[in-house]
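Notes for the one structure printed next.
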There are 2 protein chains.
Amino acid sequence: MVTGEAKQLRDLLARNVRRLRRDQNMSQEALADAAGLHRTYVGSIERSERNVSLDSLCALAHGLSTEVWCLLSDSKEGQSPQ
Amino acid sequence: MVTGEAKQLRDLLARNVRRLRRDQNMSQEALADAAGLHRTYVGSIERSERNVSLDSLCALAHGLSTEVWCLLSDSKEGQSPQ
DNA sequence: GTGTGACTTATAGTCCGTG
DNA sequence: GCACGGACTATAAGTCACA
C-alpha cells in the first residue's frame, strides 16, 4: 500500500540510521557487521528503499547502540544516549 | 533470527496496541478496518506473534490516532500526544 | 566505501474457516 | 468479539555481481 505516511517514516528511519552511523564513524559495512545484517541491505535501508520489519529495526538499533523508537523519532537533540 | 530483544519489542508493541485500542473502545475488527489491515492480523499482532513491517506499524498508528514511536515506547504516562 | 538491479527463500499479510 | 488454524499471495529478507 505504502501511503505517504509510510514513505515519510522510511525516510525518517533512513536519515536517522545514516546520521547515527556517521556520528559513530562507521561504514555501512561496519554497521552491517555490528547489526548482523548485510552490507547492501543496510545501504538500501539508508536509501529508504526498504520497508523493514521490527526485527531488522531491532538489529539496526543494536548495531547503533540506540533504541528502536529513537530511529523512528524526529530527533534534533540528544540522540546518542552515551 | 528473533533475538530476545526483538521478542521484547513485539511484546511491547502488542501491549501498546491492545491498550490503546481498548482505551478507544474499539474491537479488533474496528481497528483492523481503521488501519486498513485484516481482522486476524491485528489479533495476531496483539498476541505478539508477528514481526510487523514499518508499513503496518504506520497503518496501526494511524488507526489508533497515535504516532509510530508511541507504539514502540515503554509508556506509563502521557501516551496520547495532545 | 557505496549504489543498484536481479535474484531466491522466508515470512508478512489476507482470507477462509472453527470453537 | 476474540483465539487459533490452514492455505494462499504479496512482499521483506538476504545475497550477489558489477558499476
Side-chain angles (χ1 to χ4, degrees), chain A residues 1-66 68-69 71-72, chain B residues 1-66 68-69 71-72:
Chain A
M1 189 187 305
V2 186
T3 66
E5 290 173 274
K7 172 87 177 69
Q8 284 186 353
L9 200 59
R10 279 191 298 195
D11 220 52
L12 179 60
L13 173 66
R15 280 196 308 269
N16 282 336
V17 168
R18 180 157 290 185
R19 180 163 39 78
L20 286 167
R21 177 174 63 79
R22 291 193 165 154
D23 206 48
Q24 294 168 53
N25 252 291
M26 301 173 84
S27 64
Q28 288 182 349
E29 276 162 322
L31 173 55
D33 190 54
L37 298 173
H38 233 257
R39 181 182 77 79
T40 57
Y41 189 54
V42 172
S44 60
I45 290 173
E46 288 193 1
R47 272 171 271 128
S48 42
E49 291 171 2
R50 300 274 185 159
N51 183 23
V52 302
S53 71
L54 266 196
D55 194 58
S56 302
L57 226 40
C58 193
L60 232 27
H62 189 77
L64 289 167
S65 310
T66 190
V68 173
W69 59 267
L71 298 177
L72 298 174
Chain B
M1 195 183 300
V2 186
T3 65
E5 289 172 273
K7 173 87 178 69
Q8 284 186 354
L9 201 59
R10 281 192 296 198
D11 219 52
L12 179 60
L13 173 67
R15 281 197 308 269
N16 283 336
V17 169
R18 179 157 290 185
R19 180 163 38 79
L20 287 167
R21 178 175 61 80
R22 289 192 166 152
D23 206 47
Q24 294 170 52
N25 252 291
M26 301 174 86
S27 65
Q28 289 182 346
E29 277 102 343
L31 173 55
D33 190 52
L37 297 173
H38 236 256
R39 183 179 72 79
T40 57
Y41 191 53
V42 172
S44 60
I45 290 173
E46 290 193 358
R47 272 173 268 126
S48 41
E49 291 171 2
R50 297 285 182 155
N51 182 26
V52 303
S53 69
L54 264 195
D55 194 59
S56 302
L57 224 41
C58 191
L60 231 28
H62 189 77
L64 289 167
S65 309
T66 189
V68 173
W69 59 267
L71 297 177
L72 298 174

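Below, chain A is the first sequence line, B the second, and so on; all start at residue 1.
- Among dT4(C), dA12(D), dA3(D), the nucleotide with an atom closest to any side-chain atom of E49(A) is dT4(C).
- Of all the heavy atoms in M26(B) and A34(B), the pair that sits closest is CE-CB, 3.9 Å.
- Of the candidate nucleotides dG1(C), dC4(D), dA12(C), dA12(C) has the atom nearest to the side chain of N51(B).
- Phosphate contact (OP1/OP2 of dA12(D), side-chain N/O of R50(A), threshold under 4.0 Å): absent.
- Of the candidates Q28(A), R50(A), E49(A), S44(A) forms a side chain to side chain donor-acceptor pair (under 3.5 Å) with just one, namely R50(A).
- Between S56(A) and dA13(D), a side-chain N or O to OP1/OP2 separation shorter than 4.0 Å is present.
- For S44(B) against dC4(D), a side-chain-to-base donor-acceptor contact under 3.5 Å is absent.
- Taking atom CG of residue L37(B) and atom P of nucleotide dT9(D), one finds them 20 Å apart after rounding to whole Å.
- A close approach under 4.0 Å does not occur between any side-chain nitrogen or oxygen of R39(A) and OP1 or OP2 of dT4(C).
- Of the candidates R19(A), Q24(A), R18(A), R21(A) forms a side chain to side chain contact (heavy atoms under 4.5 Å, CB included) with just one, namely R18(A).
- Between R18(B) and dA3(D) there is a side-chain N or O to OP1 or OP2 distance below 4.0 Å.
- The shortest distance between the side-chain N/O atoms of S53(A) and the OP1/OP2 oxygens of dA13(D) is below 4.0 Å.
- Side-chain proximity of S27(A) to dT4(C), dA3(D), dG1(C): nearest is dG1(C).
- Side chain of N51(B) to backbone of D55(A): a donor-acceptor contact under 3.5 angstrom is found.
- Of the listed nucleotides (dC16(D), dT14(C), dG14(D)), dC16(D) has the atom at the smallest distance from the side chain of T40(A).
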